[in-house]
Number of protein chains: 2
Amino acid sequence: MSQTTDTRRRLVAAAQELFAARGVGATSPRQVLAASGVGQGSLYHHFPTKHDLTLAAVGATVDDALTSTLRVLAADAPVVERVVAYLERPRDALAGCKVGRLTSDQAVMDDAEVRTVVGLYFTRLVDAVARVVAESGLPVDDARDRAHAAVAVIQGGYVLARATGDPEAMRSAVRGFVTLLRSETAR
Amino acid sequence: MSQTTDTRRRLVAAAQELFAARGVGATSPRQVLAASGVGQGSLYHHFPTKHDLTLAAVGATVDDALTSTLRVLAADAPVVERVVAYLERPRDALAGCKVGRLTSDQAVMDDAEVRTVVGLYFTRLVDAVARVVAESGLPVDDARDRAHAAVAVIQGGYVLARATGDPEAMRSAVRGFVTLLRSETAR
DNA sequence: GTCTATACAACGATAGAC
DNA sequence: GTCTATCGTTGTATAGAC
């Protein structure tokens, strides 16, 4: 593995962490430098502008998140339980969703390319959940509505937990939704 | 009405608009000046620091939002329909929630006083929805879970709509949740 | 209370030596 | 590919006249 590649990775990894903790707009290239331990010249060699660094870091974060979520949804279990497994997955509620938080980050929304990457994450996530729900035999449109609601409960759970400073808010929202989901199935 | 009060109001109104459109961290005192038409000296006379201006503007936005939502929840209708009325309320989904978006705004989360105001908004909102749900006779804990889920669906709906650039994502999430809510009631 | 002018740090980015 | 030094701009805030 070349040194080039290694430096690049350290920069991207440092950017991913800082973006997750403080957002893109509130993170400066200088902070990424300090966190990664590389020099200023190196950063601008690998990533000429902040846009380039942001695209690489957000792209990596989106890939990681999608991969691990799709694995949970593909488990060998009844349809409802696979959706419930997604919903009840352990999460750092107070940290917020690494991807979802970017939708109110002006530095992201002002950058068409990065915004597209964030949009694709949610499109694919909702599609994956909808496919699972549709296995139950529910009409496709209804399955998509359920999928949107499920993903929204998680994203909103993050907002509630962060706003109140209480991770229990996320768990309460999930419990409320799962109860409704199961009560329907049990009918 | 004194000129002092009027200048103050124009500053707060301009700050509210800019904060709603671009967030607190991404809005500078200079932009507030330009939008309000007042001079630099005036701003710093009424609000010595950005913190002071932020607290006033966010406080006003929270008050407005809470007041109008509580009115919807107090309508004269069956319990489930009052919750549905809150859920189906017309919203500018692509703009995001003026309050919810602040939970991923670093300038807000770094300011303990402002953060508290945002937290209280959601605490009160969830409490209000939970009280309505509890009128149905559901145990209090279950009512609170439903309320958290309902508010989360809306907040998550904003995230989905903004991420995908499609307001239909919010409507789909709401439809999915309302269907589950009504199916339970109809049992 | 409001104005103009200014201070000082941090921002994103570039220059040019090695 | 990486370094140190520096650029021009904007951020938040202050000074002092009116």
Side-chain angles (χ1 to χ4, degrees), chain A residues 1-19 21-58 102 104-115, chain B residues 1-58 102 105-115:
Chain A
M1 190 175 306
S2 74
Q3 259 196 344
T4 298
T5 306
D6 192 54
T7 300
R8 246 189 101 93
R9 281 191 188 180
R10 282 166 59 198
L11 285 166
V12 171
Q16 285 186 264
E17 269 190 51
L18 286 165
F19 289 172
R22 314 208 18 109
V24 175
T27 301
S28 70
R30 278 187 227 232
Q31 291 175 294
V32 176
L33 285 180
S36 65
V38 314
Q40 198 154 7
S42 295
L43 198 175
Y44 284 101
H45 171 74
H46 291 288
F47 302 101
T49 69
K50 187 179 177 181
H51 158 81
D52 299 304
L53 175 60
T54 304
L55 195 57
V58 170
L102 301 177
S104 39
D105 192 317
Q106 211 52 38
V108 168
M109 298 306 275
D110 286 347
D111 183 326
E113 258 181 305
V114 177
R115 199 177 52 219
Chain B
M1 190 176 305
S2 73
Q3 259 195 343
T4 298
T5 306
D6 191 54
T7 300
R8 248 189 99 94
R9 281 191 187 177
R10 282 166 60 199
L11 285 167
V12 170
Q16 285 187 264
E17 269 190 52
L18 286 165
F19 290 173
R22 317 210 13 112
V24 175
T27 301
S28 70
R30 278 198 238 245
Q31 290 174 295
V32 177
L33 286 180
S36 66
V38 314
Q40 197 153 7
S42 296
L43 199 175
Y44 285 100
H45 171 75
H46 291 288
F47 302 101
T49 69
K50 187 178 177 181
H51 158 81
D52 299 304
L53 175 61
T54 304
L55 195 57
V58 170
L102 301 177
D105 191 318
Q106 210 54 37
V108 169
M109 298 307 276
D110 286 347
D111 184 325
E113 257 180 305
V114 178
R115 200 177 52 219

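Predicted, not measured: the structure shown is a model, and the values here were computed from it. Note on naming: letters A, B, ... go to the chains in the order of the sequence lines (proteins, then strands), and numbering restarts at 1 for each one. The analysis underlying the following values was restricted to heavy atoms, covering all of them including side chains, and did not include hydrogens, waters or symmetry mates.
- Of all heavy-atom pairs spanning B:Ala26 and B:Gln31, the tightest one is O-OE1, 3.4 Å.
- Atom CG in B:Asp6 sits about 14 Å away from atom C1' in C:dT2, given to the nearest Å.
- Considering B:Leu43, B:Thr7, B:Leu11, B:Leu18 in turn, B:Leu11 is the only one that fulfils the side-chain contact (heavy atoms from CB on, under 4.5 Å) rule with B:Ser36.
- Near DNA chain D, meaning a heavy atom under 4.0 Å from it, residues 13-24 of chain B has no residue at all.
- No donor-acceptor distance shorter than 3.5 angstrom exists from the side chain of A:Glu17 to the backbone of A:Ala14, with no hydrogens or angles considered.
- If you take CZ on B:Arg115 and CG on B:Asp111, they are separated by 8.0 Å, rounding to the nearest 0.5 Å.
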Next on the checklist: Before you tell me yes or no, could you show the steps for A:Phe47 and A:Leu55 under side-chain contact (heavy atoms from CB on, under 4.5 Å), namely the whole-Å CA-CA distance, both residues' side-chain angles and the distance that decides it to 0.1 Å?
Outcome noted: CA-CA 10 Å; A:Phe47 302 101; A:Leu55 195 57; over 6 Å; no
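- Residues from residues 50-58 of chain B lying near DNA chain C, meaning a heavy-atom separation below 4.0 Å, are absent.
- Taking atom CD of residue A:Gln106 and atom P of nucleotide C:dC11, one finds them 18 Å apart after rounding to whole Å.
- For D:dT2, the OP1/OP2 oxygens have a side-chain nitrogen or oxygen of A:Thr7 closer than 4.0 Å.
- Taking 4.5 Å as the limit, some side-chain heavy atom of A:Val24 sits within range of a side-chain heavy atom of A:Lys50.
- Put simply, A:His46 has a side-chain N or O that comes within less than 4.0 Å of OP1 or OP2 on D:dT2.
- Salt-bridge formation is detected for the pair A:Arg22/B:Asp110: a Lys NZ or Arg NE/NH1/NH2 atom is positioned less than 4.0 Å from an Asp or Glu carboxylate oxygen.
- Of the inter-residue distances, the one linking A:Arg10 atom CZ with A:Leu33 atom CG reads 11.0 Å to the nearest 0.5 angstrom.
- Near-neighbour residues of DNA chain D inside residues 26-44 of chain B, defined by a heavy atom below 4.0 Å, number-ordered: B:Thr27, B:Ser28, B:Pro29, B:Arg30, B:Gln40, B:Tyr44.
- Expressed to the nearest 0.5 Å, how far CZ of A:Phe19 lies from OG1 of A:Thr54 amounts to 4.0 Å.
- The two atoms that bring A:Leu53 and A:Ala15 nearest to each other are CD1-CB, 3.9 Å, heavy atoms only.
- In this model, the phosphate group of D:dG1 is approached by a side-chain N or O of A:His45 to a distance below 4.0 Å at OP1 or OP2.
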